[in-house]
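Just so you know, these numbers come straight off a predicted model, no measurement behind them. Here is how names work: the chains are called A, B, and so on, in the same order as the sequence lines, proteins then strands, and each is numbered from 1.
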Amino acid sequence: MYPRIKRSLSEEGSSSAKRTHFRSFSVSGAFGNGTSQRETNGQTKHHLSANQHYQQTTHSSTRKQRFNLPIYAGRTAIIAEVRMKESVIIVGETGSGKTTQIPQYLHEDRLTKLGAIACTQPRRVAAISIAQRVAKEMSVQLGEEVGYTVRFEDVTSEKTRVKYMTDGMLLREAISDPLLLRYAVVILDEAHERTVHTDVLFGVVKSAQKMRKENNQKPLKIVVMSATLEADHFSRYFNGAKVLYIEGRQHPIQMMYAVEQQKDYVHAALVTIMQLHQEMPPGGDILVFLTGQDEIESLAKLVTDCAQHCTPDCMELLVCPMFAALPSQHQMKVFISAPSGKRKVILATNIAETSITIPGVKYVIDTGFVKGKAFHPKTGLDMLRVQPVSKAQARQRTGRAGRETSGVCYRLYTEEQFDELKQTTIPEIQRCNIATVLLQLMALGITDVANFDFLDRPPQDAIENALEQLIVLGALRKASDCYELMPLGRQMADFPLEPRLAKVILSSQQFNCSEEIITIVALLSVDSLTYTPQNKRDHAIAVRKKFTSSEGDQMTLLNIYRAYNSVNGNKEWCQQHFINSQTVKQVMDIRKQLREICVRMNIPFNSCGKETANIRQTLARGLFMNAAELQPEGTYQTVSHRQPVAIHPTSSLFGLKPQFVVYNDLVHTSKCYMRDVCCVDPSWLRDAAPNYFKEHRLHSQPTAIYS
DNA sequence: GAGCACTGC
């Protein structure tokens, strides 16, 4: 196979099917070097002009850099707009400096006199690193005037005026302070990413602003910062707020499109990588966007094999896989720059789109696909599916080529295919289970959740389904014309968990197993406690066999956690058993947080000892809507929708066929699989929700007992 | 007997 690819690579201009063809595309506009040409959409542009009046008062080099940023020209206009108006939308391109500078401008202009500035970020690392940078620019100690708040870490004090935080953290704060009274300004940054948390915050800050105005309290200024697109949409939502545009500093990127549609994008990627590697001068790494671990691992093998067949004068090629499930010591490899005479090729998922920035990338290869979550509101079934990227996403990927110098982006699809892509990705809030969101809104005091002022409304089905789930869990009650938050629901909202797991914790007291349950819930909140490399799979499974419990995966996870503690988290032990020690540490953090919340609620800590049935009975209290029953032919069906499901092959119950199980979640791949499965007694299910099981019959039991 | 994009509280 490899010689044939090699040959086709050398056949310049050949129309062989093995060759990927590209043609050039003019790039002066959208990806140019900061000229004013843009995609026009009817919106009046307010380009910012230079401010002549700001005096530089310090000579520190970190500070000096601030005045060279493109955004500096717009300082006066930005301050004026925020002072004059309630809300403003700022569209800033990559490299404009908006995230570090705007909060400082507003602080320098004493907008923080009446309250702090909150600047939200979708990711923890961003909130932390930006706060560090701004503290340095302002020559202050991190945690004093400038600080950050993310889960498990609060580096702020009473002095803090500029506070970077995750969007989820501000949403949590809103539950205890719906008017966000400690803030004078809320900046929702990276708004174009449309995370569930930012989307909910849009409504929360808009309502807080209105309420404060009505109550004659100090005004709340709202700043929405985003990349291009959607600015009009944000503007309409915030009562026609003005949109200010800031130019970025992006190096020019040359666009290349496939001449014809590619049948196999992994193969097309392989050919393109080898072609680039052999034809392009040394210097400049290659970043390839793929959809998942499997694809990355198989392409990594192909590239490695192929590179060995290169001509002797060809540079060495270093292949670096990059995906979230990869243990961090392996992830580090991509950040080490390639020694001279070698070229790096990074095979990444969309983790490299926004979450991490890899230095040295000059060439981007975009397969045009991404694995995304799809959700069926009626059945509550979640699944991951390979789908085409949106135009916005394709542009984001392209931009990764021009971070340091000019670059080239190869799209493994035609320009016509690009034109057919969706403008933007559907906001997550429209394609996920919103039970958690609705419970949080109720806890914020918004009773009419069904008519909440969403920027983009979730489907009606999803709203109804989520409300129904919350009612069945006992979190809400339907009153005459609205929904009422029950005391149980109020407690559930205090946990950083999905409602069903919060219910599990709150139910643990009556079965004397809160200690075990808190650990199990923490374990269910992380992914992949264990790591199974492809080439050592059988060995990994064999050494972990001793932890397997026939009661279910939750008990198996608990066994692993206990074993880890009994060796005090010994590193070698973790490696021997293929346990991801970083994940266990995360479990310990979550466990500690859950414990603290329980202490505040006066939930007693107790252990059921050997009575492990109590643990499973407690799990049934929250997971009863995720029950499945064995059918006479040996397969399973969910009790809720009679959906055919199977126990996941990695489950400790695989092949055991208990009559009734509850599962933590479903994943649809070749089949619909239940993950984190636990055996239960049908009577526990009925005890958990008698009315629910009058509607959803458990077939193996005589139905007469209910008549 | 098959395989889990990415965040976040």
Heavy atoms under 4.0 Å, any strand shown: does [X] hit a base, just sugar-phosphate, or nothing?
| X | result |
| --- | --- |
| A/Arg123 | sugar-phosphate |
| A/Thr195 | nothing |
| A/Val196 | nothing |

Starting at atom [atom1] of [X], determine the distance to atom [atom2] of [N], rounded to an integer number of angstrom.
| X | N | atom1 | atom2 | answer |
| --- | --- | --- | --- | --- |
| A/Met322 | B/dA5 | CE | P | 14 Å |
| A/Tyr673 | B/dG3 | OH | C1' | 8 Å |
| A/Leu170 | B/dT7 | CG | P | 21 Å |
| A/Gln387 | B/dC6 | CD | C1' | 12 Å |
| A/Gln491 | B/dC9 | CD | P | 23 Å |
| A/His197 | B/dC6 | NE2 | P | 18 Å |
| A/Ile296 | B/dA5 | CD1 | C1' | 9 Å |
| A/Arg172 | B/dC9 | CZ | C1' | 5 Å |

By salt bridge (Lys or Arg N to Asp or Glu O under 4.0 Å), which residues pair with [X], not counting sequence neighbours?
| X | answer |
| --- | --- |
| A/Glu551 | A/Arg616 |
| A/Glu295 | none |
| A/Glu596 | A/Lys592 |

Item to check | A/His539: ring-ring contact (aromatic ring centres under 6.0 Å, His included) partners, not counting sequence neighbours | outcome: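 Partners of A/His539 under the ring-ring contact (aromatic ring centres under 6.0 Å, His included) test: A/Phe578.
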Checklist entry - Which heavy atom in A/Tyr663 sits nearest to a heavy atom in A/Arg675, and how many Å separate them? => result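 So the two residues come closest at CB-O, 3.8 Å.
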Next on the checklist: Given A/Arg123, which partner from the list A/Glu190, A/Glu353, A/Glu193 fulfils the salt bridge (Lys or Arg N to Asp or Glu O under 4.0 Å) test?
Outcome noted: A/Glu193
Candidate nucleotides [options], ranked by approach to the side chain of [X] - the nearest:
| X | options | result |
| --- | --- | --- |
| A/Ile351 | B/dA5, B/dG1, B/dT7 | B/dT7 |
| A/Pro496 | B/dC9, B/dG3, B/dC6 | B/dC9 |
| A/His648 | B/dT7, B/dG3, B/dC9 | B/dG3 |
| A/Met169 | B/dA2, B/dC9, B/dT7 | B/dC9 |

Next on the checklist: Test: salt bridge (charged side-chain N to carboxylate O under 4.0 Å, His left out). Region: residues 486-502 of chain A. Which pairs qualify, not counting sequence neighbours?
Outcome noted: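 Sorted result for residues 486-502 of chain A: A/Arg490-A/Asp494, A/Glu498-A/Arg500.
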Checklist entry - Hey, which of these two, A/Glu498 or A/Val370, hits DNA chain B nearer its 5' end, going by closest nucleotide? => result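 With A/Glu498 and A/Val370 compared, the 5'-side residue is A/Val370.
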Checklist entry - If you find the nucleotide of DNA chain B closest to A/Phe323 and the one closest to A/Gln440, which residue's nucleotide is nearer the 5' end? => result A/Phe323
Would you please confirm or rule out a distance under 4.0 Å between OP1 or OP2 of [N] and any side-chain N or O of [X]?
| X | N | value |
| --- | --- | --- |
| A/Thr166 | B/dC9 | yes |
| A/Ser355 | B/dC6 | no |
| A/Arg124 | B/dC9 | yes |

Item to check | Close approaches to DNA chain B from residues 582-601 of chain A, in residue order (heavy atom, under 4.0 Å) | outcome: none
Checklist entry - Are A/Tyr413 and A/Tyr265 close enough that their ring centres sit under 6.0 Å apart? => result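 Ring centroids of A/Tyr413 and A/Tyr265 are no less than 6.0 Å from each other.
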